[in-house]
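The figures that follow rest on heavy atoms only: side chains count, while hydrogens, waters and symmetry mates do not.
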Amino acid sequence: NSYELTYEYKGIDILATKNDEKIAIEVETGNSYPTKNILKCIDLGYKIIISIATRHDVYAQTKRFITYYKLQDRVTLLLAKDLSETNLLK
């Protein structure tokens with residue numbers, strides 16, 4: 001039973017759903033503010049958020065934000081190049 005993916009759902013890059021579980025996924029390229037995207041997902045009520053940074057500087061900025069606001073239990077941060085090594089959506 002795999003996740004169903006919906007793209008550009010209510011301003012979220014990707015919404016992954018499986019049964020009653022919903023995961024907001026944001027792809028951060030540096031063209032927008034990753035912190036605002038995470039806050040948007042929280043405001044929309046998502047308990048699980050995955051932020052995928054395409055660049056190291058964006059990853060570092062997002063990591064500082066997640067750590068400062070103690071969001072590690074809610075937000076998973078990945079570098080795009082490392083995505084294939086995870087089992088997040090299996």
Criterion side-chain contact (heavy atoms from CB on, under 4.5 Å) on Leu71 and Phe65, from CA distance to verdict: CA-CA 8 Å; Leu71 297 171; Phe65 173 79; 3.8 Å; yes
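- Hydrophobic cluster membership is shared by Ile49 and Leu77, with clusters built from Ile, Leu, Val, Met, Phe, Trp and Tyr side chains linked at under 4.5 angstrom.
- Between Asn37 and Ser51, the side chains place no donor N or O within less than 3.5 Å of an acceptor N or O (distance only, hydrogens not considered).
- With a 4.5 Å cut-off on side-chain heavy atoms, Pro34 and Gln61 count as touching.
- Note: Ile38 CD1 to Thr62 OG1 = 5.5 Å, rounded to the nearest 0.5 Å.
- Asp13 CG to Thr6 OG1: the interatomic distance, rounded to the nearest 0.5 Å, is 12.5 Å.
- Here the straight-line distance linking atom CD1 of Ile48 with atom SG of Cys41 works out to 12.0 Å at 0.5 Å rounding.
- The hydrophobic cluster containing Leu15 also contains Leu44, counting ILVMFWY residues as joined when their side-chain heavy atoms lie under 4.5 angstrom apart, directly or transitively.
- Rounding to the nearest 0.5 Å places OG1 of Thr35 at 13.0 Å from OH of Tyr68.
- Residue Arg55 holds its CZ atom at 11.5 Å from CG of Leu79, rounded to the nearest 0.5 Å.
- Considering only heavy atoms from C-beta on, Gln72 stays 4.5 Å or farther from Lys63 through its side chain.
- Side chains of Leu5 and Tyr7 form a contact here, defined as non-hydrogen atoms less than 4.5 Å apart.
- In this structure, Ile42 and Arg74 have side chains that are in contact, with non-hydrogen atoms separated by less than 4.5 Å.
- In Glu8, the CD atom is crowded: over 12 heavy atoms of neighbouring residues, nucleotides or ligands sit closer than 6.0 Å.
- A 4.5 Å side-chain heavy-atom check between Thr54 and Glu28 finds every atom pair outside the cut-off.
- Val75 and Tyr59 end up in the same hydrophobic cluster when Ile, Leu, Val, Met, Phe, Trp and Tyr side chains are linked at under 4.5 Å.
- Taken from CD1 in Ile14 to OH in Tyr3, the straight-line distance is 13.5 Å, to the nearest 0.5 Å.
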Intermediate values then yes/no, salt bridge (charged side-chain N to carboxylate O under 4.0 Å, His left out), Glu26 and Lys40: CA-CA 10 Å; Glu26 288 289 342; Lys40 170 185 62 184; 3.3 Å; yes
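- With contacts defined as side-chain heavy-atom distances shorter than 4.5 Å, the pair Ile23/Tyr46 does not qualify.
- Residues Leu39 and Tyr33 form no side-chain contact, since every pair of their non-hydrogen atoms from C-beta on lies 4.5 Å or further apart.
- Remark: Lys47 does not engage Glu21 in a salt bridge, criterion side-chain N to carboxylate O under 4.0 Å.
- For the pair Ile12 and Ile25, the minimum side-chain heavy-atom distance is 4.5 Å or more.
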